[in-house]
There are 2 protein chains.
Amino acid sequence: MAEYFEKSLKRCTDCQCMSQLFGLLNKEELEFVDANKIHVNFKAGETIKKQGTFMSHVLSVNSGLAKLYLEGIEGRSAILRIVKPSNFIGGPGIYHDQRHHFSITALLDSSVCFIDLQVFKKILSTNQVFAEEFLKDFSRDVLTVYNRLIYLTQKQMPGRMADALLYLHDEIFEQSKFPMILSRFELSELSAMSRESAVKLLRDFQKEELIRISDHELEILDIDALRKISHIG
Amino acid sequence: MAEYFEKSLKRCTDCQCMSQLFGLLNKEELEFVDANKIHVNFKAGETIKKQGTFMSHVLSVNSGLAKLYLEGIEGRSAILRIVKPSNFIGGPGIYHDQRHHFSITALLDSSVCFIDLQVFKKILSTNQVFAEEFLKDFSRDVLTVYNRLIYLTQKQMPGRMADALLYLHDEIFEQSKFPMILSRFELSELSAMSRESAVKLLRDFQKEELIRISDHELEILDIDALRKISHIG
DNA sequence: ATGAAAAATTGATATATCTCAACATTAAAC
DNA sequence: GTTTAATGTTGAGATATATCAATTTTTCAT
């Protein structure tokens, strides 16, 4: 509890978990942000943002982990990416229609800053370097989706599951042993297959000793083999 | 041939086929663009831009039609969208790495303007309204890809093919009878299936009298039924 | 600790989809 | 116009994947 208050009282100018993007702001701009932000803590499982709702703020994740996903047809979702601490979250709604076009749910207890959208836009229009970096960030996200579209439509299940695990390894945890933050069902949403198929593939991967799963931890034993599976699709 | 020269000599300030985006520029800005653009005519089938190459210019299509597609695994492609006259084409490469992240090939004889990227960026940084509209355009494209990702991964083949045809109807031609600019193979690339499957679905749709194909023209006979197929996936 | 709910597992079966191979038609090149 | 190449068509068979139903394990609230 002590930690809760400490964090929420911390000012942007002292923040250690700021996204690279906000690191480009000067002191006055940061104070402007600070005066127009809301800081909220979420428990694992809670919805941080719901697709379709009005976008009043942009987000910056200070700590924890979350999944960012598209809600599709008949309740099915596609996880676009995992959100890490210091990740900025804007999205195409900023300029299109001021709505959120994806949902975000906390996977771990997470601390999130909500920065007023108009304030954010104001700074974008006055700070050239900031604007440029924002666009870089946005563009990177778009390329991730391009990639995802290709691999989800052109690879078979083993390749897609390998890609999902490699994504967690390469981009999220950056080590061969990491906590299983995603349920089998969520893994299936990340790799566009049924829950049962995800279970079977993980079992196969374990049988072939490519991975080991125990105590809510996943260890990648043979990353080269996984990369090969990813490669051959 | 006369037409070729006439078009290529036309100045931006007199251009009738300018994208909405460039319509926001004032006379001086247009003259700046005019002085730093190249105008090129392409024959149907020619490659306008190749994925992976250096992005020296952004594009604006004056006339004709083109396909914009991602080159994926083992030569397979995914068509992202059809480019119409007056469409602006930038892409995530502008801010990410100055490379093209998709390829563009002319479907019909097409006339395309190439605007110097640095000039384009310069105007972006000086004309607020222009910048805002550019971002709207970019964001709309991103949402198209979100949509595509969902429908390609969560619908079955009949729904995907219905979506492809409805896309041509609703967004490209806006009438129930239109020229078959895409081969069966290209239609399969638009709906993420094999060429043979695309052929079969079109045959099925024809048998059920939802569409009619003759003389390089496709006519949608029962759009409500198509929408229903799209809807049920 | 206990029971209820949620998640994971499994194998059998049904279905969707691709691949292959053979052939037909159309467009392009000479 | 004839030949050649590209595109389109078809059905059969193989394969990938989803669905279903039954069971076990884990998690969570009381």
Side-chain angles (χ1 to χ4, degrees), chain A residues 43-46 67 72-78 105 107-109 151-164 179-207 211-218 229 232-233, chain B residues 43-46 67 72-78 105 107-109 151-164 179-207 211-218 229 232-233:
Chain A
K43 292 217 181 71
E46 287 183 328
K67 59 176 176 176
I73 296 159
E74 288 169 23
R76 277 197 290 166
S77 296
T105 298
L107 293 168
L108 304 175
D109 292 358
Y151 98 63
L152 292 181
T153 58
Q154 301 192 344
K155 288 186 186 184
Q156 305 194 169
M157 291 200 304
R160 302 206 297 272
M161 179 56 77
D163 278 338
M180 272 296 267
I181 44 159
L182 297 176
S183 68
R184 304 298 199 258
F185 182 61
E186 288 168 325
L187 267 180
S188 81
E189 291 181 324
L190 185 59
S191 48
M193 61 183 70
S194 72
R195 183 172 36 111
E196 293 94 327
S197 292
V199 168
K200 276 170 217 178
L201 280 164
L202 288 178
R203 175 173 31 126
D204 291 348
F205 286 179
Q206 284 190 85
K207 267 190 196 147
I211 61 172
R212 173 164 44 221
I213 303 176
S214 55
D215 301 325
H216 306 262
E217 284 205 321
L218 187 145
I229 291 172
I232 60 179
Chain B
K43 292 218 183 71
E46 286 183 329
K67 59 176 177 176
I73 297 159
E74 288 168 23
R76 277 196 290 167
S77 297
T105 297
L107 294 169
L108 304 175
D109 291 359
Y151 99 63
L152 293 181
T153 58
Q154 301 192 343
K155 288 187 186 184
Q156 304 193 171
M157 291 199 304
R160 302 207 297 272
M161 180 55 77
D163 278 339
M180 273 295 269
I181 44 159
L182 297 176
S183 68
R184 305 302 147 105
F185 182 61
E186 287 168 325
L187 266 180
S188 81
E189 290 181 323
L190 185 58
S191 49
M193 63 183 69
S194 72
R195 184 173 35 113
E196 293 94 327
S197 293
V199 167
K200 275 170 218 175
L201 281 163
L202 289 178
R203 171 171 36 124
D204 291 349
F205 286 179
Q206 285 189 86
K207 268 191 195 145
I211 61 172
R212 173 164 43 222
I213 303 175
S214 55
D215 300 326
H216 307 262
E217 284 205 322
L218 186 145
I229 291 172
I232 60 179

Set out, line by line, the N/O atom pairs under 3.5 Å between protein and nucleotides 3-6 of chain D.
none

Considering all heavy atoms, the nearest A162(B)-I229(B) contact: CB-CG2, 3.9 Å
Closest non-hydrogen atom pair between L190(A) and Y151(A), with its separation: O-OH, 3.6 Å
Rounded distance (Å) that lies between atom P of dA18(D) and atom NZ of K155(B): 17 Å
Residue list, salt bridge (charged side-chain N to carboxylate O under 4.0 Å, His left out) with E217(A), at least two apart or on another chain: K177(A)
Full working for side chain to side chain contact (heavy atoms under 4.5 Å, CB included) between L187(B) and L202(B): CA-CA 10 Å; L187(B) 266 180; L202(B) 289 178; 3.8 Å; yes
Any R195(A) side-chain N or O less than 4.0 Å from OP1/OP2 of dT9(C): no
Extract from the structure each pairing of a protein N or O with an N or O of nucleotides 28-30 of chain D at less than 3.5 Å, listing the distance.
none

Shortest non-hydrogen separation from A44(B) to D109(B) and the atoms involved: N-OD1, 2.9 Å
Donor-acceptor contact present, side-chain R160(A) to main-chain K155(A), <3.5 Å: yes
Protein-nucleotide distance (I229(B), atom CD1; dA16(C), atom P), rounded to Å: 14 Å
Whether R184(A) side chain and A198(A) backbone form a donor-acceptor pair below 3.5 Å: no
Toward the 5' end of DNA chain C, by each residue's nearest nucleotide, Q156(A) or R184(A): R184(A)
From NZ (K67(A)) to CG (L182(A)), nearest 0.5 Å: 8.0 Å
Per V199(A) side chain, nearest of listed nucleotides dA8(C), dT10(D), dA18(D): dA8(C)
Touch class at under 4.0 angstrom, heavy-atom based, for S183(B) against every strand present: sugar-phosphate
N or O in side chain of S197(B) less than 4.0 angstrom from dC18(C) OP1/OP2: yes
Over all atoms of both residues, closest heavy-atom pair of R203(B) and K200(B): NH2-CG, 3.0 Å
Heavy-atom check, side chain of L108(B) versus side chain of I181(B), under 4.5 Å: yes
Nearest heavy-atom neighbours spanning A164(A) and S191(A): CB-CB, 4.3 Å
Candidate pair E186(B) and L107(B), rule side chain to side chain contact (heavy atoms under 4.5 Å, CB included), full reasoning: CA-CA 10 Å; E186(B) 287 168 325; L107(B) 294 169; 3.7 Å; yes
Between P of dA18(D) and CZ of R76(A), the distance in whole Å: 9 Å
Rounded distance in Å - CD1 (I181(B)) to C1' (dT7(D)): 17 Å
Over all atoms of both residues, closest heavy-atom pair of M157(B) and M193(B): O-CE, 3.5 Å
Rounded distance (Å) that lies between atom P of dT9(C) and atom CG of L202(A): 8 Å
Spacing of D204(B) atom CG relative to dA16(C) atom P, expressed in whole Å: 12 Å
Summary of protein contacts for nucleotides 22-30 of chain C, nucleotide by nucleotide, where a base hit scores B, a sugar-phosphate-only hit scores S (4.0 Å, heavy atoms): -----S---
Rounded distance in Å - CG (D215(A)) to P (dT25(D)): 16 Å
Rounded distance (Å) that lies between atom P of dT10(D) and atom CD of Q206(B): 9 Å
Pairwise N/O distances under 3.5 Å, protein to nucleotides 11-13 of chain C:
unit_1	atom_1	unit_2	atom_2	d
dG11(C)	OP2	R203(A)	NH1	3.2
dA12(C)	N6	K200(A)	NZ	3.4

CD1-CG distance between I211(A) and D204(A), expressed to the nearest 0.5 angstrom: 9.5 Å
Angle by which the axis turns from one end of the helix from dA1(C)-dT30(D) to dC30(C)-dG1(D) to the other, five pairs per end, to 10 degrees: 60°
Per F185(A) side chain, nearest of listed nucleotides dC18(C), dT19(D), dA8(C): dA8(C)
